[in-house]
Amino acid sequence: MEILRTTIPTVPCEAGSGTALTAFFPPIHSNLSNVTVGNMAEQRAEELHQEDTASNRNITFSFGNDNVQDVGSVTPDVHSEAESTEPNFSTATTTDAQHENLSETMDPTSTSGTAERHISIQQSLADLKNLIDIEGAGKKTCPLCPEEKFKPNYSHKLRRHLQHLHWKVSIDFEGYRMCICHLACRRMKTNLNGEQVPVRIGAHYHCIVCSATIARRTDMISHITRHLNKGDTEASFTGASSGQLSSTEVMKEVDTDVHVFPNHTTPQKTDSFFNPKMKPNRQLIFCTLAVLAQERKPLECLDAFGATGIMGLQWAKHLGDAVRVTINDINEGSVKMIGENCHLNRMKVVMNRKEEEEDEDEVEENEDTLGIIEVTQMDANVLMHLRAFDFIHLDPFGTAINYFDAAFRNVRNLGIVSVTSTDISTLYCKALNVTMRHYGCNIVRTEYYKEVAARMVIASMARAAARCNKGIEVLLAVALEHFVLVVVRVLRGPSQADESLKKIRRLIHCQWCEERVFYKKCHMLEESAYQQLPCDCHGSMPGKTAVELGPLWSGSLFNTGFLRRMLFEAVQHGIEDIHPLLKNLTCESECTTLKHHSIFGPMSHSSQEKRKCSEVPGNAAKRQKGDIPSEHPPFYYSIHRHSIRGMNIPKINKFLPYLTQAGFRVGRTHFDPTGIRTDATLAQLKAILMKYSMPTHTDSQPGMHSHASAEPISEPVQDSTPKPLEIDQPAEEVKPESG
C-alpha cells in the first residue's frame, strides 16, 4: 500500500515547556471527500493564527505512534480501514491527564506521608501562571478549571482569567495565596444511607493547613481564623492514612475522652460534630438524668443523635448501673466513631439488646470494662417507635419538631424528655416564615424574645404529648446564645393532657411601650382586646397599637424542687462549672434575689424525700412532693430598654431592693443580664425607675438623691401614672415610723 507523504509548516515549540505542542490528523484514505479536507484546513489555519515567530520547522507525525521527530518533513502513515479503526486524539488525552496529575497533589487520602500543597496555593501571580506555558503559542487550558468551565483559549484571555477569577478572590495566609479552584477535587460523598454518591462540581478553596475543602470564601476565612486561634500555622498538612482515626484529636470533658476530627465544629464537613460551646447544655442534661436516677433504677436512656457519643458516655461512665444507655445515629461514620470512643473509655459496645443481656456476666468478670453501651444505626423516629424509654434526649442539627410525636409515643409514665433546639434563626425571630411552618406561631422581635422562644418550644411539645393522651410538667427551660434547652416530665392520662393544653394561650403585645399580657381564660369574645393591656397606648395613639403573638406556653418555666436536686447532684459529681447557672435558675424560679435566697436551705428535707422514694419499687416511683412547679411572673423587663433620657439609672443590684420595698416580687433572669422579672406593670416599673434615677447634669453624690431628686421628679409623673405613686407613697411614710 502506498503511503501518502506531505509537508506542513507548524508552530515552533519552546524547549522546557510543560507540554509539547502536538497536532494530529485522522487517517487519510484514498476516497476522502473534499469536505473533510476543507474542514482540516480551516482548523489548521486557526491554530496558525497566533504565530509569534516567522521561523517554521517540519515535524513528522506517525498516527500509529505518538513519538515526535525532527526530520525535516511531515510523513503521516495512512493505513487501511482494517488496520486503523479510529484516530488517536492525544490532545484530549493530554488535557485529561494534566487535570488528573493536578488533582493528585491535593488528595488527602494518599498514604505517602506528608502531602504536597495543592496547585491552587501559590505565592505570587507569576507562580500561578507558570503552571502552564502561558507565553507559548496556541490555545491553553486553565490549570484550575475543567474544560466544561473554561475551554482552551489563547494567552491573553488566559491571563485575564487567572488574574480576575482565581487570583482576585484568593485568601492570604503567611505569604501564600489560596486561590479558588474549580476542579473535581471532591468526587464522592456519603449520603444518609452510607452510600458513596458523586458530588456536584463547584468552586471551593483548599486549606493550606489541613485537608479541608470549603466552598464559601467567608467560611474559609473563618476556618483559617480557627487554625490561628489554635496555633496551627504550619503551611502543610499530613495526609490521612487508611485508618480514619489517625487524623483525629482527643477532647476531654467531665473525665470523658472522645476522638474528634480537626473540623469537628463544622457539621456540614464532618460526621462527628462536636461543639465545645454546648458544654453547659450537656452538664444540665447530665444533672437532670442524675436526679431521675435517684427516683427509679435502672433507667432506659436514649441519646437519639449521638455524633461523637460524648453525652451517652458521660451517662454510662458516671451513673454506672443506674442507667442503660443507648446511643443512636443514622450516619455510618458517626457510628464507627462512637464505637471507637466507647473503647477509648473502656466501655463494651453491643449492637442489640440481646447481646447485652448475654454479655452481662462477661462484663462482671472483665475488670477492664466499666460498662455496656448499646449503639444503634437507624432513624431516630423509627427507634423511638419501636422501643420504650425512661429518658430521651433530642439534639438534632436544627429544629427537633419532627421528632416530638415519636418521642412522646413510647416514653414511660413520669419519664423525662429533653430537647435541645439549635435553629436559632427560627426561634429568635430572624426567619418568621420558617417559624410559622415549624411551630405554627406568630412572633415578632421583642425585648423578651428568648423567653418567647422557650415558651414556643414548650407549646409544641405540649401539643405533641396531647396527641398521645399525655401531659407535660416543665422542669427546666434555658435559652442561651447558641441553643434553647427544654426539659419536661411526661404525665400519662387524658386529664393531664387537657390540663396542659389549657396553659397554651395567645399573647397581646403593645408595640409602643412593649407591655404584654396573656389572654384571659375565657371562650367568649371580648369587645376589645386592648382592655386587657395595663397600658393606655391604644387610647392615646392613633391606629392599631398591639399585635397578637403565639400560641405560647403560659405556665411556669421552672420547677424549684427539681432545680435544687440538680444542684445537689452537680455538687456530688464535682461539676462546678454549672453551679452559678443552677443557682440563678433556682432564684429565678422563686423570683427572688441571690442575697435573700438560701440554695442549700431545704436540701435536708429533699434528701429525706429521696430516701422514702428509693424504697418504692421502680415503675411505682412517684414525683417528689417538693417538685411542684412554682408560679413566677411571665416575661421580664430590661431596665436599659426603659431607661429615661437624661437620667442616670441606678445599678441593677441596687434597683432590685427598691422594687421589693414597694411590695413587688422581683428577681433577675438568665435570659437577659439586664432583665428584671417582676409582677409590677411597666408603668409602675418606670415610675420607680424615674424616682431613683439621677439627672446627668447634677453634681450630687449617688447616695444623696433619695428625697431631693424624688420630689421634683414625682410631680410630673403623678399626672400620667398615678397608680405607681400611690403604691410608693406608703412605703416612704413607713420608713420614719419604723426608724
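What you see below is based on every heavy atom in this structure, not just the backbone, and it leaves out hydrogens, waters and symmetry mates. Positions are given from 1, in the same order as the sequence printed here.
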Side chain proximity check, [X] to [Y], heavy atoms < 4.5 angstrom:
{"X": "Ser460", "Y": "Phe404", "value": "yes"}
{"X": "Leu414", "Y": "Val490", "value": "no"}
{"X": "Leu284", "Y": "Ile578", "value": "yes"}
{"X": "Trp553", "Y": "Val457", "value": "no"}
{"X": "Ile416", "Y": "Val488", "value": "no"}
{"X": "Phe408", "Y": "Ile392", "value": "no"}
{"X": "Thr420", "Y": "His393", "value": "yes"}
{"X": "Leu563", "Y": "Ser589", "value": "yes"}

With a 4.0 Å cut-off on N to O distance, would you call [X] and [Y] a salt bridge?
{"X": "Lys348", "Y": "Glu374", "answer": "no"}
{"X": "Arg565", "Y": "Glu569", "answer": "no"}
{"X": "Arg489", "Y": "Glu295", "answer": "yes"}
{"X": "Arg282", "Y": "Glu253", "answer": "yes"}
{"X": "Asp672", "Y": "Lys450", "answer": "no"}
{"X": "Lys336", "Y": "Glu332", "answer": "yes"}
{"X": "Arg665", "Y": "Asp679", "answer": "no"}

| task | Please confirm whether Tyr403 and Phe305 have ring centers closer than 6.0 angstrom. | result |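 That pair passes the under 6.0 Å test.
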Taking all non-hydrogen atoms of both residues, which atom of [X] and which atom of [Y] are closest, and how far apart?
{"X": "Gly306", "Y": "Ile327", "value": "CA-CG2, 3.7 Å"}
{"X": "Ala570", "Y": "Cys287", "value": "CB-SG, 3.8 Å"}
{"X": "Ile508", "Y": "Ala546", "value": "CG2-CB, 4.1 Å"}
{"X": "Tyr439", "Y": "Ser421", "value": "OH-OG, 4.3 Å"}
{"X": "Ser500", "Y": "Ile472", "value": "OG-N, 3.0 Å"}
{"X": "Asn410", "Y": "Arg387", "value": "CB-O, 3.3 Å"}

Note to self: Tell me whether the NZ or CZ atom of Arg668 lies within the 45° cone about the ring axis of Tyr636 and under 6.0 Å from its centre.
What the structure shows: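 No, a cation-pi geometry is absent between Arg668 and Tyr636.
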Phe671/Phe635 under ring pair (Phe, Tyr, Trp, His ring centres under 6.0 Å): CA gap, chis, key distance, verdict
CA-CA 10 Å; Phe671 292 107; Phe635 304 111; 9.3 Å; no
When you measure from the side chain of [X] to the backbone N and O of [Y], does any donor-acceptor pair fall under 3.5 Å?
{"X": "Arg409", "Y": "His385", "result": "no"}
{"X": "Asn341", "Y": "His259", "result": "yes"}
{"X": "Asn381", "Y": "Ala406", "result": "no"}
{"X": "Thr426", "Y": "Ile424", "result": "no"}
{"X": "Asn328", "Y": "Ala304", "result": "yes"}
{"X": "Arg445", "Y": "Tyr428", "result": "yes"}
{"X": "Asp329", "Y": "Ala307", "result": "yes"}
{"X": "Lys279", "Y": "Asp577", "result": "no"}
{"X": "Thr435", "Y": "Ala431", "result": "yes"}
{"X": "Glu588", "Y": "His670", "result": "yes"}

Relative to the ring of Phe558, is the ring of His632 parallel (under 30°), tilted (30 to 60°) or perpendicular (over 60°)?
->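 Because their plane-to-plane angle lies in the 30° to 60° range, the rings of His632 and Phe558 count as tilted.
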*Should the ring pair Phe286 and His318 be called parallel, tilted or perpendicular, given that the plane angle runs from 0 to 90° and is split at 30 and 60?*
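Perpendicular.
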task: Determine, step by step, whether Tyr519 and Glu548 satisfy the side-chain contact (heavy atoms from CB on, under 4.5 Å) criterion, reporting the C-alpha distance in whole Å, the side-chain angles of both residues, the deciding distance to 0.1 Å, and the verdict.
output: CA-CA 10 Å; Tyr519 270 101; Glu548 188 180 79; 2.8 Å; yes
task = For Gln496 and Lys470, run side-chain contact (heavy atoms from CB on, under 4.5 Å): C-alpha distance rounded to whole Å, both residues' side-chain angles, the deciding distance at 0.1 Å, then the answer.
result = CA-CA 6 Å; Gln496 300 289 348; Lys470 296 175 183 178; over 6 Å; no
Working to the nearest 0.5 angstrom, can you tell me the gap between [X] [atom1] and [Y] [atom2]?
{"X": "Gln377", "Y": "Asn331", "atom1": "CD", "atom2": "CG", "result": "7.5 Å"}
{"X": "Leu501", "Y": "Arg463", "atom1": "CG", "atom2": "CZ", "result": "9.0 Å"}
{"X": "Met456", "Y": "Ile401", "atom1": "CE", "atom2": "CD1", "result": "9.5 Å"}
{"X": "Leu313", "Y": "Asn345", "atom1": "CG", "atom2": "CG", "result": "5.0 Å"}
{"X": "Lys317", "Y": "Cys342", "atom1": "NZ", "atom2": "SG", "result": "11.0 Å"}
{"X": "Asp257", "Y": "Thr308", "atom1": "CG", "atom2": "OG1", "result": "11.5 Å"}

- Query: Checking side-chain contact (heavy atoms from CB on, under 4.5 Å) for the pair Leu289/Leu299: CA distance, chi angles, key distance, verdict?
  - Reply: CA-CA 9 Å; Leu289 182 58; Leu299 296 175; 3.8 Å; yes
* What do you reckon, is CZ of Arg437 surrounded by more than 12 foreign heavy atoms closer than 6.0 Å? ->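 It does: Arg437 CZ has more than 12 such atoms within range.
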*Look at atom CG of Asp498 and say whether more than 12 heavy atoms of other residues, nucleotides or ligands are closer to it than 6.0 Å.*
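More than 12 heavy atoms, drawn from other residues, nucleotides or ligands, come within 6.0 Å of this atom.
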Single hit among Val335, Leu383, Ile330 for side-chain contact (heavy atoms from CB on, under 4.5 Å) with Met378
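Among Val335, Leu383, Ile330, the one meeting side-chain contact (heavy atoms from CB on, under 4.5 Å) with Met378 is Leu383.
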**Request:** Show your working on side-chain contact (heavy atoms from CB on, under 4.5 Å) between Arg564 and Thr586 and close with a plain yes or no.
**Result:** CA-CA 7 Å; Arg564 291 180 182 275; Thr586 307; 4.2 Å; yes
### Task
Using the salt bridge (Lys or Arg N to Asp or Glu O under 4.0 Å) rule, pick out the option among Arg412, Lys297, Arg324 that qualifies with Asp390.
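Of Arg412, Lys297, Arg324, salt bridge (Lys or Arg N to Asp or Glu O under 4.0 Å) with Asp390 is met by Arg412 alone.
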Of the options His509, Glu514, Arg677, Arg455, which is the one that meets Tyr448 in a side-chain hydrogen bond (donor to acceptor under 3.5 Å, both in side chains)?
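Among His509, Glu514, Arg677, Arg455, the one that satisfies the side-chain hydrogen bond (donor to acceptor under 3.5 Å, both in side chains) with Tyr448 is His509.
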